[in-house]
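Data block below; observations after.
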Amino acid sequence: MLSFQQGNPDRSESRKPTAATTASVIMFAFAASVLGAAPSNAAGITTVKVASYNVDSAWREVSQPEVPTWDSRVVGVKNVINTVKPDVIGIQEARNITVGLRTYTQASDIQRMTGYAMYQPADGATVPIPIMWRGGLFQMTASGYKVFEFKPYPDYGRAMTWVRLKSKATGKEFFVFNTHFEVGADEQAARISEATMLAAEIKRVNPGGLPAFVTGDFNAQASISAPQETQLNAIGYTDSYGIAAARMHPDYNTYNGYTVPAVGDQRIDQVYVGAASNISVQHWENWTPYGNQIVVGRPPSDHDLIYTTATFP
């Protein structure tokens, strides 16, 4: 069942769609599927569909043998991406990792199967958090990363990556920053530190205030007191969920634990928009896998892909 919600920054519960609302959703979905959220040059407006997707480490087959292996799951991941067709994706947990006698290169697998362009620094902390985009629509004009802390293999520590992209249709540039914060109820201090360093690096990289997006698995429930919220709000960035004109599946957790659907309002995966004050967010969605996106009765990752469609002049 599809759940739909008109944008309301102060509420997360879903609303029952009226017939008129349902028609609007269908028309929106049709337009999105036709346009693919590709950049538009109508009146110089750039439209971008930006996603965040934690694809889960291939190590899962060791920690949870009942979950399908990466070789099976990546097919579902590919099918999710090729169905949603985000323009840009911040990926998390796409590791280069050895499990038994097998070495997995998860991000390269996704890139090969989807045809997206990719920025993936070779630093051990940044390999799991590449950024991918539709190379036919955008050109990368700058890139970089910052490591927050260093840890030994296989953790490496937390970090952030970033790219500056230029729309081939409109010539407009924008930034995408991607990160993955520390997990664990006892790691709030680490997440506060990571959020502080993330915000400082974003401000350093984008001093001119170009339109920008921040994607990530923040491992902290979205709230006004969450580390990512306080630090990113302070530099002019806003959770796209709160300002979207329409929302799809707001009543599902973004962390699904390999169940479909995971009913709840826990959002640890987010897309922030900011810097420029003229970014408009039309749509936010927590994508729920179905059909060939399901792998042996499970979603292909323990997180859903979430995305935002936004425009800026």
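Residue indices begin at 1 and follow the sequence shown. Atom set for the values below is all heavy atoms of this structure, side chains included, hydrogens, waters and symmetry mates excluded. This is a predicted model, so every value here is computed, not measured.
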Handout entry: Worked verdict on Tyr145 versus Trp162 for ring-ring contact (aromatic ring centres under 6.0 Å, His included)
Key = CA-CA 6 Å; Tyr145 68 92; Trp162 62 266; 9.7 Å; no
Practice task
Answer yes or no: is there a donor N or O on one side and an acceptor on the other, between the side chain of Tyr237 and the main chain of Ala199, under 3.5 Å?
Solution key: no
Handout entry: Side-chain donor or acceptor of Lys49 paired with backbone N/O of Val84 under 3.5 Å
Key = yes
Problem - Glu173 and Thr141: side chain donor to acceptor below 3.5 Å - result: yes
Exercise for the section: Might you point out which heavy atoms bring Glu194 and Glu182 nearest each other, and give the distance in Å? Expected result: OE1-N, 2.9 Å
Handout entry: Considering all heavy atoms, the nearest Ser57-Glu93 contact
Key = N-OE1, 3.1 Å
Exercise for the section: State, to 0.1 Å, how close Asn286 and Tyr252 come at their nearest heavy-atom pair, and which atoms those are. Expected result: ND2-O, 3.1 Å
Handout entry: Among Trp284, Tyr272, Tyr307, ring pair (Phe, Tyr, Trp, His ring centres under 6.0 Å) partner for Tyr241
Key = Trp284
Practice task
State whether a side-chain donor-acceptor pair under 3.5 Å links Gln266 with Thr254.
Solution key: no
Handout entry: Heavy atoms from other residues, nucleotides or ligands near NZ of Lys166 exceed 12 (cutoff 6.0 Å)
Key = no
Completion exercise
Scanning both residues in full, the closest heavy-atom pair of Ile279 with Gly274 reads CD1-O, 3.4 Å
Exercise for the section: Kindly say whether Ala142 contributes a backbone atom to a donor-acceptor pair with the side chain of Arg164 at under 3.5 angstrom? Expected result: no
Exercise for the section: Please determine which of Asn178, Leu165, Thr215 meets the side chain to side chain contact (heavy atoms under 4.5 Å, CB included) test together with Val88. Expected result: Leu165
